[in-house]
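What's counted below: heavy atoms across the whole structure, side chains too, no hydrogens, waters or symmetry copies. Every chain is numbered from 1 and lettered A, B, ... according to where its sequence line falls, protein lines coming before strand lines.
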There are 2 protein chains.
Amino acid sequence: MREGAMPRRGGRPTVYDVAERAGVSIATVSFVFKQPGRVRDTTRADVLRAARELGYVPSASARGLANGSTGALGLYSFDMLLETAKFVSGLPSGPAEEPDPRSFPLYVDEVQRGFELECWQQGMALLLSAERSSGVSVMAGVAGRVDGLAVFPGAISTEELELTARAIPVLAFSRAPQDGAVHYVTVDNRGGVRALLAHLVDVHGVRQTRFVGAPVLPDLAERFAGYQEASARTAVPDDAPPVGAEGAGRPSSRLSWRRGAPGRAVVRERPARSHGAGRAARPGGGRPG
Amino acid sequence: MREGAMPRRGGRPTVYDVAERAGVSIATVSFVFKQPGRVRDTTRADVLRAARELGYVPSASARGLANGSTGALGLYSFDMLLETAKFVSGLPSGPAEEPDPRSFPLYVDEVQRGFELECWQQGMALLLSAERSSGVSVMAGVAGRVDGLAVFPGAISTEELELTARAIPVLAFSRAPQDGAVHYVTVDNRGGVRALLAHLVDVHGVRQTRFVGAPVLPDLAERFAGYQEASARTAVPDDAPPVGAEGAGRPSSRLSWRRGAPGRAVVRERPARSHGAGRAARPGGGRPG
DNA sequence: TTGTATGCGTTATCAC
DNA sequence: GTGATAACGCATACAA
């Protein structure tokens, strides 16, 4: 319980300061910002003026705590120093002695930009963060600050994804769909590569092709599968090992890129469980209207 | 005051739930995450297990409210649909009927990536947001959720920047330094262009140059100034109007790009005021160690 | 070592 | 139309 409504420490101004300055109660101050119509015009003006004079900025923490949601979505991506780069690209790149942020996977930018745009249009804040190869999971730290979380493929275990999904909606990019609460989204990698090869052969008359990259991730595996399906049309036998397969950083055991592997690339969505009092974020969701 | 320690609504699990499950008090749960050494090993194990079983994720809102800081830094950039694009590039681009996010100023990505990297290394979360040409200031909404805010040059008025700076440290990119609480950072645009021209002329033997872009922003004005300073060496008279100067969206009056304009490009920092109990964010600050 | 109690700033439910 | 006041979830002095 505050003693009256003292300006308190030297911190940022709060509703109490604004209320005191405007000669009203904190409830009124809150109303002015959340339900303007509920306050008399003159009162509202007083409050707004006081707020501006004080440089009042509402605390998102308090706000989030009070209404149970943060108003932000999270995007969790790769280790920013690319210590997992070769795992991502599937290409051998030697033990990068000095990680260079500039070699960050470029496609990430595009996806990220799209995410930013959507958040922007939805009026949601975007919280960016990335995995750290060293140290504990940062995911938990992120999950606590957002209403929903999208995750790039990486070192995050499915178990941890599912765990996080118990707290907030989680969307995993290009991951093999699993049973659980996590949402998965991917693209038709197989068909894409087939079309690509068909184009190269039919339109450009290419006769020599080779698949470059180690199919250690679902996406790459799918692409390799598509490559094999279509490679009968090229001069390269479809059992030629993909370039870089041997040199891949982690000899990943989580995926066997056997011939004719099952599972078409697919977009799989699970209905979000209701979290709390019906709140629900929609990472990657459609636009309104 | 909670009644005992009921699991409450259907929301995310809280310290109360974990505490109940582990048979300890909420304080102990908190200690386990914040001061692990203060808790007995067995107790800690119990708590961690309970937390994991429940899928407990600490609320950043509550945490932020309790300790007075959010642990996140903000980066505020352009309107994502580029309605201010031509203002940014200085190039006439016609009234983009259908704004295309793909034409977003590219250099932004580089700066943003650097900011991300630094935040990542500092263990801080990064909150991205952008101005909206329509509607009220989003800045306030951002300022409330971060400990410090970096702002790209754009439609944000100096007044608003200063206002925000009363609540949290604000860093403005490529803006003409002002007196106030806002921090400013820019680069040697003038010298850069001089060097560029020298290189073109001396090394590549270029004899024909033209400055493209309307110097409506401080940075561009500086570049134009540098261009003029060095253009005596080219075949183009230094008073040739820069291409696109006429077509610039806003005939900005905030900057007169008069010849020999004063003010060298400069990095200007102001010591951050102490906010609250000595807390201080350091947007763009150096690395530890 | 662990538990109790209180504050953090906002929201929202009541009274008035 | 406004004003008290109880949550919200966590951190932390202060007790025990």
Side-chain angles (χ1 to χ4, degrees), chain A residues 1-9 11-20 22-47 51 54 56-71 141 144-145 167 276-277 279, chain B residues 1-9 11-20 22-47 51 54 56-71 141 144-145 167 276-277 279:
Chain A
M1 311 299 172
R2 284 168 179 287
E3 305 289 335
M6 301 300 294
R8 308 144 311 112
R9 332 154 302 169
R12 347 213 288 212
T14 72
V15 276
Y16 289 91
D17 303 317
V18 178
E20 183 182 22
V24 298
S25 75
I26 63 165
T28 301
V29 175
S30 185
F31 289 151
V32 166
F33 289 101
K34 303 286 291 186
Q35 313 173 40
R38 192 170 161 176
V39 184
R40 187 185 304 158
D41 288 26
T42 58
T43 309
R44 174 155 17 98
D46 290 346
V47 171
L54 263 51
Y56 167 71
V57 169
S59 158
S61 293
R63 199 179 287 232
L65 181 56
N67 60 14
S69 74
T70 67
R145 11 180 32 119
R279 325 161 194 146
Chain B
M1 310 298 171
R2 285 168 177 286
E3 304 291 332
M6 301 299 294
R8 311 144 310 111
R9 333 154 303 169
R12 344 214 291 213
T14 73
V15 277
Y16 290 90
D17 302 317
V18 177
E20 183 182 22
V24 298
S25 76
I26 65 164
T28 301
V29 175
S30 185
F31 288 151
V32 167
F33 290 100
K34 302 285 291 187
Q35 312 173 41
R38 192 170 161 175
V39 182
R40 188 184 303 157
D41 288 28
T42 57
T43 309
R44 176 157 15 100
D46 290 346
V47 172
L54 262 50
Y56 167 70
V57 169
S59 158
S61 294
R63 197 178 285 226
L65 183 56
N67 59 16
S69 74
T70 67
R145 13 184 27 124
R279 323 162 195 146

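The distance from atom CG of Leu65(B) to atom P of dA7(D) is 16 Å, rounded to the nearest whole Å. Nucleotide dT1(C) holds its C1' atom 12 Å from the CG atom of Asp41(B), rounded to whole Å. If you measure from atom CZ of Phe33(A) to atom C1' of dT10(C), you get 12 Å, rounded to the nearest angstrom. Following rounding to the nearest Å, Asn67(A) (CG) and dT13(C) (P) show an atom-to-atom distance of 12 Å. Put simply, CZ on Arg145(B) is 13 Å from P on dT10(C), counting in whole angstrom units. The separation between Gln35(A) atom CD and dT10(C) atom P is 16 Å, rounded to whole Å.
Contact annotation: the side chain of Arg44(B) approaches that of Asp41(B) to within less than 4.5 Å [non-hydrogen atoms, C-beta and beyond]. Counting heavy atoms from C-beta outward, Asp46(B) and Val24(B) have side chains that stay 4.5 Å or more apart.
Distance CD/Glu20(B) to OG/Ser25(B): 13.0 Å, rounded to 0.5 Å. Going from atom OG of Ser30(B) over to atom CZ of Arg38(B) covers 9.5 Å, rounded to the nearest 0.5 Å.
Helical stems of DNA chain D (runs of at least 3 Watson-Crick or G-U pairs, donor-acceptor distances under 3.5 Å) are listed by first residue: C:1-16 with D:1-16.
In summary, of the residues considered (Ile26(B), Thr28(B), Val32(B)), a side-chain contact (heavy atoms from CB on, under 4.5 Å) with Val15(B) occurs for Ile26(B) alone.
At dT11(C), one or more side-chain N or O atoms of Ser30(A) fall inside 4.0 Å of OP1 or OP2 (strictly under the cut-off).
Of the possible donor and acceptor atoms, none in the side chain of Arg12(A) sits under 3.5 Å from a partner among the backbone N and O of Val57(A). Although no hydrogens or angles enter the test, the distance criterion places no donor-acceptor pair under 3.5 Å between the side chain of Thr70(A) and the main chain of Gly64(A).
Thr14(B) and Asp17(B) get closest at one heavy-atom pair: N-OD2, 2.7 Å.
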Got a list of protein N/O to nucleotides 2-5 of chain D N/O distances below 3.5 Å?
| residue | atom | partner | partner atom | Å |
| --- | --- | --- | --- | --- |
| dT2(D) | OP1 | Thr43(A) | OG1 | 2.3 |
| dT2(D) | OP2 | Arg40(A) | N | 2.9 |
| dT2(D) | O4 | Arg38(A) | NH2 | 3.3 |
| dG3(D) | OP2 | Ser25(A) | N | 2.9 |
| dG3(D) | OP2 | Ser25(A) | OG | 3.1 |
| dG3(D) | OP2 | Thr28(A) | OG1 | 2.4 |

